[in-house]
Amino acid sequence: MEELQAYPDIPLFRYEYTDLSLEEVTRRLNAPALSGPQSLEASQDLANQVLHFRSEDGPDLDFHFSPEQRVEVGGAETAYHALALGDVTLVSLLIPRAASGYALAWDRHTNQATLFEFWFGNGPAPRAREINRAVWHGHIEGDEPPTGEPHHPTLRCEGRALAWTEDTGNRTLEYYCSVTYTHWVELDRLSDSRGYSAPADYVFLTEDLYLFSRVEAEFSGMLHLYVMDANRLESVGLRLGFNGADELEYYMFHGSAEWLGQNARFEALGDFSATPLAMPDGAKGERRIYRPLETMDKMTPEEVAEVIAAGNIHVFDRDSPMAGNGTEKSGAMAGKTFAVHYDNGSRMEYRVTGPETLEWRMDGRGGFTEARYNAWEVMPGAFIFGHLLEGLPDHDCHIVVADFDAGLATNFHGFLNTPYFANEAGAETLFGKLVGDGIPDPGTRRHERTRDLLGRAFTWEYSPGLNSMHLYSTPNTTSWIIPTPSGHFATQWSGSGDFVKIRDQLYFARWQEEACNGTLGTILINMRTMHDAGIGYHMGAERGLSLSNVGAPARHAGKIDVDRFFGPDAWERDA
């Protein structure tokens, strides 16, 4: 990497964050620990108070506050900053020379409290720059026992979405679409209109107040934590960690929010449990974090070519678990002869010789090549079909929606040998028209990119026990959230997406599982029948190159109002 960027202008999963050593992290934290976090708002003065924190199953700590924003805890003296939201005070401090610290949320009315203990290095996070955290619920010991309900993990935030503006001016969309994860979109710090997913904590403080945190795992490792008032739509919070330029960010903020909407939840009625991925035997601070790049095949072009040369190619020849509840494939394209004229100048000619075989020729060169295909007629006259382009150096596929009633076609063109991993699928979207006897000429009209899906969430029930939810969070992002058997949505990842309107209530969508497993997923969504049909394109060391069917009935989980946050060119950046 030539130049470090605090907030990269490339996708975060493509950015090479510096692998800072624990020694370097500790050195960089010392001075900020002694001066305390920056803030545009004056600290609440806790001088001469002593807070005896007693946890339910963790540490007991005494915080001795002295004048001039100093505090002694565990034998170390340091600086602190405290901001209040209603009856809750949020205190933040770092321990000098220890690469660790605390955030304490104290309800002054009830004396209930939650302590976030955080540290760099020594696990369970795999890199020293990624903050570890442990969450301890308890109370502040005093003359009177604590009152009210103890703080505890909660699912009450699940499904909500808020647009936050800090007093720093930074704006963030936060989709709380899981009980253990969050999905956030930086509107100012990042410029590519993408959303990203991170492990999160949701803590119930009172009926009005909640404590939230995310750690930007797999990316910068930054901690972002705040107490929020769900009714007044305000927050006080803390940001701690190293950005992409390895600059320490350690500040507290006051925020205000706009309520954007609420998606559905799918736990059983009466199920208020909020720890569906508990790790009872885990190390301190350990939780289930989706680290997909660890298990992804990472192949070179030579390795890809070797697997393909060995004949490890599978085109609709084995049952896919992603389509156990799919619709029947269609043979209605058999006998059709047509061409697709794409706006980029390329031409594809087709002779469909049977219900699963066709012949294709590109740009009029040479003879026709036979290929296996599958097709699904998702609305009358509108088909999705796909095939490999044998012989091309990047082992391409075409996944096409052909609307024979309108004379229009859109192609999600997939290919391998991207600059990152040779087996990770790249994709481009091609628009064009159908040409052939009896097919209407649409002139200059084309299918168009759409924002009809922006902010929507759908659940997909592929097969018994195999389910997910898609969130179309930005004009070029698809996030997928995996539920537990009890219906809690849990781990989550995100990748590039594109969305095309074929007809009213009929949409062609794709996502790329980048830095994950390399798959290109495509679906044609019929919102009238609440079912889809699609095709997955994947290359792996063991399973080889494959095209396979995707299909599931859907549930519409809601639509969040976010269109106004994205400029007119937002979806063109990755087009």
Side-chain angles (χ1 to χ4, degrees), residues 56-57 114 135 137 148-162 174-183 197-214 228 230-231 259-282 286-290 321-326 455-473 478-494 523 525 527 529-532 550-560:
E56 298 169 357
D57 53 5
T114 290
V135 186
H137 304 299
E149 187 176 4
H151 299 170
H152 56 272
T154 183
L155 50 62
R156 292 282 298 278
C157 296
E158 187 180 0
R160 300 181 194 178
L162 297 174
E174 198 88 49
Y175 295 89
Y176 310 120
C177 42
S178 159
V179 71
T180 59
Y181 258 66
T182 186
H183 185 79
S197 302
D201 297 288
Y202 300 90
V203 179
F204 180 96
L205 306 182
T206 71
E207 182 64 25
D208 295 328
L209 301 175
Y210 299 83
L211 179 58
F212 165 84
S213 83
R214 68 169 182 264
M228 61 174 165
N231 281 314
W259 190 87
L260 300 177
Q262 170 77 50
N263 283 337
R265 291 173 18 204
F266 292 95
E267 305 88 4
L269 294 176
D271 181 356
F272 299 111
S273 58
T275 55
L277 295 180
M279 300 184 69
D281 298 321
E286 188 175 5
R287 55 178 163 176
R288 300 184 193 276
I289 297 180
Y290 197 16
M322 296 290 287
N325 295 327
R456 289 190 190 274
F458 294 93
T459 66
W460 301 105
E461 300 174 63
Y462 304 109
S463 296
L466 182 58
N467 311 293
S468 74
M469 181 166 69
H470 280 180
L471 170 68
Y472 305 123
S473 61
T478 299
S479 181
W480 49 99
I481 309 105
I482 308 304
T484 67
S486 60
H488 297 80
F489 280 97
T491 52
Q492 180 176 4
W493 198 244
S494 315
I523 49 177
I525 304 169
M527 288 186 64
T529 64
M530 290 303 288
H531 214 296
D532 73 345
V550 176
R555 303 185 198 186
H556 190 212
K559 186 178 191 303
I560 304 299

Hey, mind stepping through Leu211 and Asp201 against side chain to side chain contact (heavy atoms under 4.5 Å, CB included) and telling me if it holds?
-> CA-CA 8 Å; Leu211 179 58; Asp201 297 288; over 6 Å; no

Report the C-alpha separation of Tyr202 and Glu158 in whole Å, then their side-chain angles, then the decisive distance to 0.1 Å, and conclude whether the side chain to side chain contact (heavy atoms under 4.5 Å, CB included) test is met.
-> CA-CA 9 Å; Tyr202 300 90; Glu158 187 180 0; over 6 Å; no

Stepwise side chain to side chain contact (heavy atoms under 4.5 Å, CB included) check, Leu471 with Ile481 | CA-CA 8 Å; Leu471 170 68; Ile481 309 105; 4.1 Å; yes

Going through the distances and angles, do Phe458 and Asp532 end up as a side chain to side chain contact (heavy atoms under 4.5 Å, CB included)?
-> CA-CA 11 Å; Phe458 294 93; Asp532 73 345; over 6 Å; no

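Applying the salt bridge (charged side-chain N to carboxylate O under 4.0 Å, His left out) criterion to Arg160, with sequence neighbours excluded, gives no partner residue.
When all heavy atoms of Ile560 and Gly159 are compared, the pair lying nearest together is CD1-O, 4.4 Å. Counting all heavy atoms, side chain and backbone alike, Phe212 lies closest to Ala200 at CE1-CB, 3.9 Å. Contact detail for Ser197 and His183: the closest heavy-atom pair is OG-ND1, 3.1 Å. Smallest separation of non-hydrogen atoms from Tyr176 and Glu174: CE2-CG, 3.0 Å. Residues Ser463 and Pro321 share a closest heavy-atom pair of OG-O, 2.5 Å. In this structure, Cys177 and Phe489 approach most closely via the heavy-atom pair O-CB, 3.7 Å.
Taking CG of Leu162 as the start and CD of Gln262 as the end, the distance is 9.5 Å to the nearest 0.5 Å. Interatomic distance, OH of Tyr462 versus CG of Asn325, reported as 11.0 Å (0.5 Å rounding). The OH atom of Tyr181 sits 11.0 Å away from atom CD1 of Ile482, with the distance rounded to the nearest 0.5 Å. A distance of 6.0 Å separates OH in Tyr210 from SG in Cys157, rounded to the nearest 0.5 Å. Here the OG atom belonging to Ser473 is positioned 14.5 Å from the CZ atom belonging to Arg456, to the nearest 0.5 angstrom. The OG1 atom of Thr114 sits 5.0 Å away from the NE2 atom of His137 when rounded to the nearest 0.5 Å.
Between Trp460 and Val550 the shortest side-chain heavy-atom distance does not fall below 4.5 Å. Under the 4.5 Å side-chain criterion, counting only non-hydrogen atoms from C-beta, Leu277 is not in contact with Arg287. For the pair Tyr175/Asn263, no side-chain contact is recorded, criterion being any heavy-atom separation below 4.5 Å from C-beta on.
A parallel orientation is assigned to the rings of Phe204 and His152, their planes being inclined by less than 30° (bins at 30° and 60°).
The closest donor-acceptor contact from the side chain of Thr459 to the backbone of Arg555 lies under 3.5 Å. Under a 3.5 Å cut-off, the side chain of Ser479 and the backbone N or O of Trp493 do form a donor-acceptor pair.
Between the side chains of Thr180 and His488, no donor N or O sits under 3.5 Å from an acceptor N or O.
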